[in-house]
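These notes concern the structure reproduced below.
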2 protein chains.
Amino acid sequence: MTASFPKGRTVTGERRRAEARQSVTMRDVANLAGVGIATVSRVVNNTGSVTPELVEKVQEAARTLGYRHDATASSLRRADRRTGTVALVLEDVSNPFSSALHRAVSDAAAERGILVLSGSSDESPERERELVETFTARRADGLIVVPTGRADATIEAARRLGIPVVAVDRMVRLDSVDTVTVDNQEGTARAAARLRDLGHRRVAYFGDLATIWTARERFTGFTSVFPDVPPALIRRELHSIDAAEDAARALLALPEPPTAFISGQNLITIGIRRVLQDSGLERRIALTGFDDFPLADLLSPGVSVIAQDPAALGAEAARLLLSRLDGHNGPARHSVVPTRYIARGSGEIRAAAGEAPAAAEVRAPGR
Amino acid sequence: MTASFPKGRTVTGERRRAEARQSVTMRDVANLAGVGIATVSRVVNNTGSVTPELVEKVQEAARTLGYRHDATASSLRRADRRTGTVALVLEDVSNPFSSALHRAVSDAAAERGILVLSGSSDESPERERELVETFTARRADGLIVVPTGRADATIEAARRLGIPVVAVDRMVRLDSVDTVTVDNQEGTARAAARLRDLGHRRVAYFGDLATIWTARERFTGFTSVFPDVPPALIRRELHSIDAAEDAARALLALPEPPTAFISGQNLITIGIRRVLQDSGLERRIALTGFDDFPLADLLSPGVSVIAQDPAALGAEAARLLLSRLDGHNGPARHSVVPTRYIARGSGEIRAAAGEAPAAAEVRAPGR
DNA sequence: ACGTTTCCTGGAAACGTTTCCCGGTACGCT
DNA sequence: AGCGTACCGGGAAACGTTTCCAGGAAACGT
């Protein structure tokens with residue numbers, strides 16, 4: 001009895017299922033309800049029309065059997081081949097910017113019963129490539145990507161497969177993908193101009209990896225206001241708090257240290273601030289950072305930032321993607337969401353009168 | 001020619017596919033390579049053994065045709081029915097604790113080529129239920145859940161379907177699920193004892209919703225050290241920064257305000273600190289929070305915390321889940337990962353000599 | 001009252017894959 | 001040389017679903 005089963009058609013299947021406690025299928029439900037399998041499908045998806053009486057019978061049967069719809073089988077057969085899944089490639093699921101974006105996308109998707117797959121590229125093109133490929137293999141209905149900028153070929157491949165893609169936070173050269181970005185240049189330029197107006201001339205710029213589109217944009221914004229800052233005050237390729245700290249320490253040791261810092265990114269801002277604070281300079285040297293971070297307001301002085309709204313970014317990306325899923329088929333669209341300058345103090349510090357403030361002056365208590 | 005197709009077997013399929021630019025299947029590859037479809041499958045999964053020569057031919061064909069493996073069809077037919085997906089139900093994808101956990105799980109999964117589906121329950125049992133049900137419909141191979149504690153029935157249902165579940169951060173009453181939690185009681189008790197040893201007697205406790213297991217545990221830890229703190233100093237059901245701020249303000253207005261606060265959670269800690277800081281009391285009244293948060297060290301004084309390690313939590317949860325996927329079938333296991341007290345200053349403030357410091361004394365400049 | 005349309009239902013054919021099973025070839029052993 | 005074994009490859013049957021199609025009953029119009 002346990003060894004082998006007769007070769008008969010359905011008998012084998014049902015026996016095996018019963019034996020192995022396999023999942024209960026539409027056929028089981030159909031049998032119990034005494035209807036055709038097609039009817040069960042119609043009831044489950046409540047599509048087509050079926051007599052209320054039968055609906056009740058089917059639902060009853062499904063309930064007693066503990067039937068669970070199988071989404072994979074469904075999407076395999078379904079005409080549109082939809083899986084009800086969108087995939088999200090972030091830089092790092094755990095950083096605040098990414099995760100706020102994640103949340104916004106997730107919410108927009110959930111509203112339509114769509115699930116979100118996600119992964120972290122860690123700024124690595126290979127990893128991005130892997131993720132995009134896995135996601136397309138999983139037949140995600142659409143892709144939202146924060147592109148590293150060096151795996152565009154893979155994104156294009158996904159596009160050619162007919163999967164809609166929207167690039168978020170960073171522009172991408174392909175003309176088949178929607179993008180939603182932030183006005184990086186404008187925001188940085190505005191913050192820079194503000195420092196200029198406060199009398200700052202020696203303004204240091206600390207930026208992220210130049211492979212990152214936003215980093216380049218922000219830097220451009222900076223140079224548009226300070227076209228001839230000495231190269232010694234410019235550091236790029238900074239991608240961690242530690243790197244930023246080292247660089248900041250180095251600049252402060254200069255004979256003519258900067259009177260203000262502009263940071264192109266979160267972690268850099270924190271690194272600079274930490275060094276400033278360690279040296280007791282946080283009230284003497286101005287600091288403005290791109291991208292807000294939690295608790296920036298609790299520090300004293302508060303850290304002024306050019307805030308972007310990752311949730312808005314995510315929501316807009318989701319909107320674009322969902323419209324594609326709804327069949328919209330126009331040319332690529334490019335949304336730009338505005339930044340907002342938040343004055344908290346650190347960006348409102350005036351330049352000291354002299355080019356290089358005397359040490360004594362520097363150490364004076366801030367208030 | 002465009003209207004209808006002859007009824008012949010393969011012809012129809014191929015024509016249609018060509019016409020509609022459908023995805024290319026194994027059959028297409030098999031045809032081009034001049035092999036059987038089974039061989040293509042073997043090559044793609046590199047299982048079984050097939051002549052190097054044929055492998056080459058198949059890969060060549062796959063390449064020229066741009067063949068993409070279809071994971072949904074694959075998992076449908078596959079004997080183990082694996083989808084290569086685990087699902088993660090968090091409280092909120094975008095909060096630092098959740099997202100760090102997310103990241104750890106994601107990394108462990110990625111190592112095995114497993115993808116992660118995620119969703120936010122927002123502490124709502126209905127939402128948790130929905131998520132778990134959707135995930136099981138999607139046939140996720142396993143589930144990692146931060147349970148609200150009020151949707152256990154659904155979790156049990158998933159378990160009965162044979163899907164391994166691990167509950168993380170919070171205990172769950174079911175004996176079919178592995179759990180990994182933090183030593184909430186012990187950690188809180190230790191921090192409380194420390195305050196007691198610094199002379200504090202009027203210690204306020206601010207806790208999260210009592211429906212949350214961790215909140216109850218932490219509170220228990222607190223009362224074990226301060227069994228008879230006046231009820232006025234105890235606030236629970238706090239779940240946002242704002243709520244914590246209001247409560248903190250109210251307590252400070254008391255004739256006998258507390259000399260120390262213990263916070264059961266991140267946002268509460270921040271709320272308390274903000275109020276303390278607004279009142280210039282951050283150096284007079286002690287504050288210890290459960291769960292670390294970024295920049296806690298940059299404030300001054302730094303905020304002392306009972307730190308948990310969400311990444312470790314996630315990694316352990318992933319480990320437990322993956323072992324189940326690998327076939328481990330023992331009874332439920334319960335991991336407890338330790339907390340760590342981080343002294344940064346705010347938790348090291350001594351109690352003032354008098355029971356209720358005079359107003360003048362309180363307002364004196366901190367330094 | 002009869003033809004025609006509409007509606008509901010069930011059987012069966014896909015969807016793209018894995019896996020079972022069997023035929024065939026090559027090889028090793030006696 | 002003959003036999004057995006091991007191995008490789010292909011055809012076809014699943015997996016659980018949706019969708020096509022056709023049949024039958026009911027409703028409708030004249």
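Naming: A, B, ... by sequence-line order, numbering from 1 per chain.
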* Working for salt bridge (charged side-chain N to carboxylate O under 4.0 Å, His left out), residues B:Asp326 and B:Arg112 -> CA-CA 11 Å; B:Asp326 288 343; B:Arg112 317 249 300 228; 2.6 Å; yes
* Given B:Thr148 and B:Arg127, is the side-chain hydrogen bond (donor to acceptor under 3.5 Å, both in side chains) satisfied, shown in steps? -> CA-CA 10 Å; B:Thr148 64; B:Arg127 188 80 190 107; over 6 Å; no
* To do: Take A:Arg170 and A:Glu123 through the salt bridge (charged side-chain N to carboxylate O under 4.0 Å, His left out) test and state the conclusion after the steps.
  => CA-CA 12 Å; A:Arg170 306 175 186 173; A:Glu123 218 59 79; 2.8 Å; yes
* Asked: Does the side-chain hydrogen bond (donor to acceptor under 3.5 Å, both in side chains) test come out yes or no for A:Thr83 and A:Asp141, once each step is laid out?
  -> CA-CA 6 Å; A:Thr83 56; A:Asp141 296 336; 3.2 Å; yes
* Working for side-chain hydrogen bond (donor to acceptor under 3.5 Å, both in side chains), residues A:Ser120 and A:Asp122 -> CA-CA 6 Å; A:Ser120 307; A:Asp122 289 320; 5.3 Å; no
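With sequence neighbours excluded, no residue satisfies salt bridge (Lys or Arg N to Asp or Glu O under 4.0 Å) with B:Glu156.
In this structure, NE2 on A:His69 lies 11.5 Å from OG1 on B:Thr134, to the nearest 0.5 angstrom. Note that CZ of A:Phe135 and OG1 of A:Thr85 are 10.5 Å apart. Values are rounded to the nearest 0.5 Å.
For the segment residues 35-53 of chain A, residues with any heavy atom less than 4.0 angstrom from an atom of DNA chain C are, sorted by number, A:Val35, A:Gly36, A:Ala38, A:Thr39, A:Arg42, A:Ser49, A:Val50, A:Thr51. Contacts with DNA chain D (heavy atom under 4.0 Å) in residues 54-79 of chain B: B:Leu54, B:Leu76, B:Arg77, listed by number.
Straight-line distance from the CE atom of A:Met26 to the C1' atom of C:dG10: 14 Å, rounded to whole Å. Atom CG of B:Asp80 and atom P of C:dT17 are 17 Å apart (whole Å). Residue B:Arg27 contributes atom CZ, which lies 13 Å from atom C1' of D:dG10 at whole-angstrom precision. In this structure, B:Arg82 places its CZ atom 16 Å from C1' of C:dT18, rounding to the nearest Å. Rounded to whole Å, atom C1' of D:dG16 lies 9 Å from atom CZ of B:Arg139. For the pair A:Asp28 CG and D:dC15 P, the interatomic distance rounds to 11 Å; values are reported in whole Å.
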Polar-atom pairs under 3.5 Å, protein N or O versus N or O of nucleotides 22-27 of chain D: list them with distances, or write none.
none

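In summary, B:Arg159 and B:Asp175 do not engage in a salt bridge, as defined by a charged side-chain N under 4.0 Å from a carboxylate O. By the 4.0 Å N-to-carboxylate-O rule, B:Asp70 lies close enough to A:Arg81 to be salt-bridged with it.
Donor-acceptor pairing under 3.5 Å is lacking for the side chains of B:Glu91 and B:Ser98. The closest side-chain donor-acceptor pair between B:Glu316 and B:Ser335 falls under 3.5 angstrom.
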Exercise answer: donor-acceptor pairs, residues 46-60 of chain A side-chain atoms, under 3.5 Å, sequence neighbours excluded:
residue : atom : partner : partner atom : Å
A:Glu60 : OE1  : A:Arg63 : NH1          : 3.3

* Structure fact -> Taking Watson-Crick and G-U wobble contacts under 3.5 angstrom, with | marking pairs to another strand and [ ] crossing pairs, the secondary structure of DNA chain D is written ||||||||||||||||||||||||||||||
